[in-house]
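Side-chain atoms are counted along with the backbone in the values below, which use heavy atoms only and exclude waters and symmetry mates.
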Amino acid sequence: MGAARRRKNMRILLVEDEREMAAWLERALAQSGFLPEHAPDAATAEAMLEHEVFDAVVMDLRLPDKHGLVLLREMRNRGDVTPVLILTAQGALQDRVRGLNLGADDFLSKPFALEELEARLAALVRRSRGRQSSNIQCGSLEYDSESRVFQLQGAVLHLTPREHALLAVLASRAGVPVEKAKLFNRVFEHDSEASPEAIEVVLHRVRKKLAGSDVHIVTVRGLGYMLESATAQGD
C-alpha cells in the first residue's frame with residue numbers, strides 16, 4: 001500500500017502503438033498506483049507533451065509515424081527534460097547507444113517483467129524530483145524546463161513552436177554566440193524545403209516579442225546570434 005500511495009501522483013505517458021501492449025500496461029500501471037495516459041503515435045505524444053506535464057515517458061521505438069529516437073531528440077532539443085524510459089528489442093545495443101547520446105534516461109528490453117518496469121519508473125521519477133531546478137534565466141526572461149514555458153517580466157511569453165525552439169537554444173547558451181547554421185538546424189530540422197534565410201524571419205519575430213524588455217538578441221558578426229540582458233551587458 002505504501003508504494004502505491006507514493007506513486008499516486010506519478011503521471012506516466014505511454015508512447016506505444018501496439019494496442020494490446022498499451023492496454024495491458026495502462027491497466028497494470030494504474031493498478032499499481034501510477035496515473036498512465038496513452039499516446040498511440042509520435043504526433044499524439046508531442047501534442048500531449050506540449051500541453052501537459054508528465055513525470056516520465058515510456059517510449060517504444062517503432063512508432064507508425066516517427067522513430068522513437070527522433071521523438072526523443074526533438075524533446076531534448078526544445079528543452080523538455082521529462083525522464084524517458086525506452087523499450088528496446090532484446091540486445092539492441094545500437095538503439096541503446098544512440099538513445100543515451102540523445103538523452104534517454106533508462107532502457108528496458110522486451111519482453112520484460114512488469115515489476116521491473118514499475119521499479120525503474122519509480123526510480124526515474126524520484127531522481128527527477130530530486131534534481132536541482134534546471135530553470136534558465138537571462139535578465140527578466142525565465143524558462144521553466146518542467147512546464148516548458150517562457151516568462152518575460154513575470155508574464156507568459158507566447159511563442160510559436162519555431163520561435164520557442166529558437167529562443168530555447170539561445171537561452172540555453174545565453175551570453176555565447178550560436179552559429180546561424182546550428183540555429184537553422186534546430187528550428188527547421190524536419191523542413192527540408194525551408195531556405196536557410198528562413199531563420200531570419202523567426203529571429204525577427206522573437207526580437208519583436210522581446211522588444212521593450214532588458215533582454216535582446218544581438219548579431220555577432222562572423223559568429224552568429226547571442227541572447228543577452230542589459231544587466232549582463234552593463235556588468
Engineer: Does CD belonging to Gln153 count more than 12 external heavy atoms closer than 6.0 Å?
Structural biologist: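 Yes, CD of Gln153 has more than 12 neighbouring heavy atoms, counting only those of other groups under 6.0 Å.
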
Engineer: Determine whether a donor-acceptor pair (N or O, by modelled atom type, separation under 3.5 Å) exists between the side chain of Ser32 and the backbone of Ala28.
Structural biologist: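 Side chain of Ser32 to backbone of Ala28: a pair is present.
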
Engineer: Holding to ring-ring contact (aromatic ring centres under 6.0 Å, His included), I want the full list of residues that pass it with His164, two or more places apart in sequence or in another chain.
Structural biologist: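 Applying ring-ring contact (aromatic ring centres under 6.0 Å, His included) to His164 gives Tyr143, Phe150.
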
Engineer: If I compare all heavy atoms of Phe107 with all of Arg96, which pair ends up nearest, and what's the gap?
Structural biologist: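 Looks like CZ-O, 3.3 Å.
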
Engineer: Which heavy atom of Ala45 sits nearest to which heavy atom of Leu71, and what is that distance?
Structural biologist: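 Looking at all heavy atoms of both residues, the shortest contact is CB-CD2, 4.1 Å.
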
Engineer: If only atom types and distance count, is the side chain of Gln137 paired as donor or acceptor with the main-chain N or O of Gly139 below 3.5 Å?
Structural biologist: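 Judged by distance alone, yes, a pair lies under 3.5 Å.
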
Engineer: Between Lys66 and Asp17, does any NZ, NE, NH1 or NH2 come within less than 4.0 Å of an OD or OE carboxylate oxygen?
Structural biologist: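 A salt bridge is absent here (no side-chain N lies under 4.0 Å from a carboxylate O).
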
Engineer: Pairs in or reaching into residues 194-207: which pass salt bridge (Lys or Arg N to Asp or Glu O under 4.0 Å), with residues at least two apart or in two chains?
Structural biologist: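 Found Glu163-Arg205, Lys180-Glu197, Lys180-Glu200.
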
Engineer: Could you tell me if the side chain of Leu227 sits less than 4.5 Å from the side chain of Leu167, heavy atoms only?
Structural biologist: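 Touching, per the 4.5 Å side-chain cut-off.
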
Engineer: Listed by chain and number, what are the side-chain hydrogen bond (donor to acceptor under 3.5 Å, both in side chains) partners of Glu37, not counting sequence neighbours?
Structural biologist: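 side-chain hydrogen bond (donor to acceptor under 3.5 Å, both in side chains) check on Glu37 returns Arg11.
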
Engineer: Tell me the closest heavy-atom pair linking Pro36 and Leu14, and the distance in Å.
Structural biologist: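 Heavy-atom minimum between the residues: CB-CD1, 4.2 Å.
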
Engineer: For the hydrophobic clusters of this structure (ILVMFWY residues joined by side-chain heavy atoms under 4.5 Å, transitively), does one cluster hold both Leu100 and Val57?
Structural biologist: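 Linked within one cluster.
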
Engineer: Could you pull out the closest heavy-atom pair between Leu72 and Ala104, with the gap in Å?
Structural biologist: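 Answer, listing the atom of Leu72 first, then Ala104: CD2-N, 3.7 Å.
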
Engineer: Has His67 got a side-chain atom pairing as donor or acceptor with Leu63's backbone, closer than 3.5 angstrom?
Structural biologist: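 Judged by distance alone, no pair lies under 3.5 Å.
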
Engineer: Taking the side chain as every heavy atom from C-beta outward, state whether Gln151 and Leu141 have any pair of such atoms under 4.5 Å apart.
Structural biologist: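 With C-beta onward as the side chain, the pair stays apart.
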
Engineer: Test of understanding: with side-chain hydrogen bond (donor to acceptor under 3.5 Å, both in side chains), list the residues that count as partners of Arg98, not counting sequence neighbours.
Structural biologist: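 Checked Arg98 against side-chain hydrogen bond (donor to acceptor under 3.5 Å, both in side chains); zero matches.
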
Engineer: Do Leu210 and His216 make a side-chain contact, defined as non-hydrogen atoms from C-beta onward lying under 4.5 Å apart?
Structural biologist: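 Side chain of Leu210 against side chain of His216, heavy atoms only: no contact under 4.5 Å found.
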
Engineer: Salt bridge (Lys or Arg N to Asp or Glu O under 4.0 Å) with Arg78: which residues, sequence neighbours excluded?
Structural biologist: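 Here no residue qualifies.
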
Engineer: Does a side-chain heavy-atom distance below 4.5 Å link Leu13 with Val58?
Structural biologist: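 Leu13 does not reach Val58 side chain to side chain.
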
Engineer: List the steps and the verdict of side chain to side chain contact (heavy atoms under 4.5 Å, CB included) for Ile199 and Leu166.
Structural biologist: CA-CA 9 Å; Ile199 196 68; Leu166 181 141; 3.7 Å; yes

Engineer: Name all residues meeting the side chain to side chain contact (heavy atoms under 4.5 Å, CB included) criterion together with Ala23; count only those two or more places apart in sequence or in a different chain, and write none if there are none.
Structural biologist: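 Partners of Ala23 under the side chain to side chain contact (heavy atoms under 4.5 Å, CB included) test: Arg27.
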
Engineer: Just checking, is any N or O donor in the side chain of Asp214 or Ser229 under 3.5 Å from an acceptor N or O on the other one?
Structural biologist: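 Side chains of Asp214 and Ser229: no pair found under 3.5 Å.
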
Engineer: Would you check if Ile86 and Asp95 make a side-chain contact, meaning some heavy-atom pair closer than 4.5 Å?
Structural biologist: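 No, side chains not in contact.
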
Engineer: About how many Å separate CD of Glu179 and CZ of Phe184, when rounded to the nearest 0.5 Å?
Structural biologist: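 Going from the CZ atom of Phe184 to the CD atom of Glu179 covers 14.5 Å.
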
Engineer: Determine whether His204 and Lys208 satisfy the following criterion, side chain to side chain contact (heavy atoms under 4.5 Å, CB included), listing intermediate values before the conclusion.
Structural biologist: CA-CA 6 Å; His204 176 70; Lys208 283 182 69 175; 3.5 Å; yes

Engineer: Can you give me the closest heavy-atom contact between Cys138 and Val215, atom names plus distance?
Structural biologist: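 Heavy atoms of Cys138 and Val215 come nearest at O-CG2, 3.1 Å.
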
Engineer: Under the side chain to side chain contact (heavy atoms under 4.5 Å, CB included) rule, collect the residues that match up with Ala43, sequence neighbours excluded.
Structural biologist: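 Asp41, Asp65.
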
Engineer: Do Phe112 and Val125 sit in one hydrophobic cluster, given that two such residues count as connected whenever their side-chain heavy atoms are within less than 4.5 Å of each other, even indirectly?
Structural biologist: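 Same cluster: Phe112 reaches Val125 through Ile, Leu, Val, Met, Phe, Trp or Tyr contacts under 4.5 Å.
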
Engineer: Please determine whether side chain to side chain contact (heavy atoms under 4.5 Å, CB included) holds for the pair Val178 and Met226, giving the CA-CA distance in whole Å, both sets of side-chain angles, and the decisive distance to 0.1 Å.
Structural biologist: CA-CA 6 Å; Val178 179; Met226 182 173 73; over 6 Å; no

Engineer: I'd like to check Asp60 versus Lys110 (side-chain heavy atoms, cut-off strictly below 4.5 Å). Are they in contact?
Structural biologist: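 Touching, per the 4.5 Å side-chain cut-off.
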
Engineer: Using the side-chain hydrogen bond (donor to acceptor under 3.5 Å, both in side chains) criterion, which residues pair with Glu142? Sequence neighbours excluded.
Structural biologist: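 So Glu142 forms no side-chain hydrogen bond (donor to acceptor under 3.5 Å, both in side chains) with any residue.
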
Engineer: Return yes if some donor-acceptor pair links the side-chain N/O of Asn185 with the main-chain N/O of Ala181 below 3.5 Å, else return no.
Structural biologist: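 At least one qualifying donor-acceptor pair exists.
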
Engineer: Would you sort out whether Arg62 and Thr88 count as a side-chain hydrogen bond (donor to acceptor under 3.5 Å, both in side chains), showing the intermediate values?
Structural biologist: CA-CA 9 Å; Arg62 284 153 187 81; Thr88 65; over 6 Å; no

Engineer: Side-chain donor-acceptor pair under 3.5 Å between Glu16 and His38, yes or no?
Structural biologist: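 There is no such pair between these side chains.
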
Engineer: Report whether Phe34 and Trp24 are members of the same hydrophobic cluster (ILVMFWY, side-chain heavy atoms less than 4.5 Å apart, transitive linking).
Structural biologist: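 As far as the 4.5 Å side-chain criterion goes, Trp24 and Phe34 are connected within one cluster.
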
Engineer: Please say which of Leu121, Leu117, Leu25 ends up in a side chain to side chain contact (heavy atoms under 4.5 Å, CB included) with Ile12.
Structural biologist: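 Of the listed residues Leu121, Leu117, Leu25, the side chain to side chain contact (heavy atoms under 4.5 Å, CB included) partner of Ile12 is Leu121.
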
Engineer: Going by heavy atoms in the side chains, are Met75 and Val84 under 4.5 Å from each other?
Structural biologist: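 SC-SC contact between Met75 and Val84 confirmed.
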
Engineer: Backbone N or O of Leu102 within a donor-acceptor pair of the Arg73 side chain at under 3.5 Å?
Structural biologist: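 A pair under 3.5 Å: no.
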
Engineer: Tell me every residue that passes side chain to side chain contact (heavy atoms under 4.5 Å, CB included) with His158, counting only those two or more places apart in sequence or in another chain.
Structural biologist: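 Per chain and number, His158 pairs via side chain to side chain contact (heavy atoms under 4.5 Å, CB included) with Val156.
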
Engineer: Taking NZ, NE, NH1 and NH2 as the nitrogens, is one of them in Asp105 or Arg127 under 4.0 Å from a carboxylate oxygen of the other?
Structural biologist: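 No, no charged N to carboxylate O under 4.0 Å.
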
Engineer: Working to the nearest 0.5 angstrom, can you tell me the gap between Leu114 CG and Leu29 CG?
Structural biologist: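 So the CG of Leu114 and the CG of Leu29 are separated by 6.0 Å.
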
Engineer: Below 4.5 Å, heavy atoms only, C-beta onward: do Leu87 and Met59 meet side chain to side chain?
Structural biologist: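 Sidechains of Met59 and Leu87: no contact.
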
Engineer: State which residues pass side chain to side chain contact (heavy atoms under 4.5 Å, CB included) with Asp106; sequence neighbours excluded, sorted by chain then number.
Structural biologist: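 If we apply the side chain to side chain contact (heavy atoms under 4.5 Å, CB included) test to Asp106, skipping adjacent residues, the hits are Leu85, Arg120, Leu124.
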
Engineer: Using every non-hydrogen atom in the two residues, find where Phe188 and Ala194 come nearest and quote the distance to one decimal.
Structural biologist: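 Distance-wise, the nearest heavy atoms are CD2-CB, 3.7 Å.
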
Engineer: Atom CD1 in Ile136, atom CZ in Arg173: separation rounded to 0.5 Å?
Structural biologist: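 The distance works out to 12.0 Å.
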
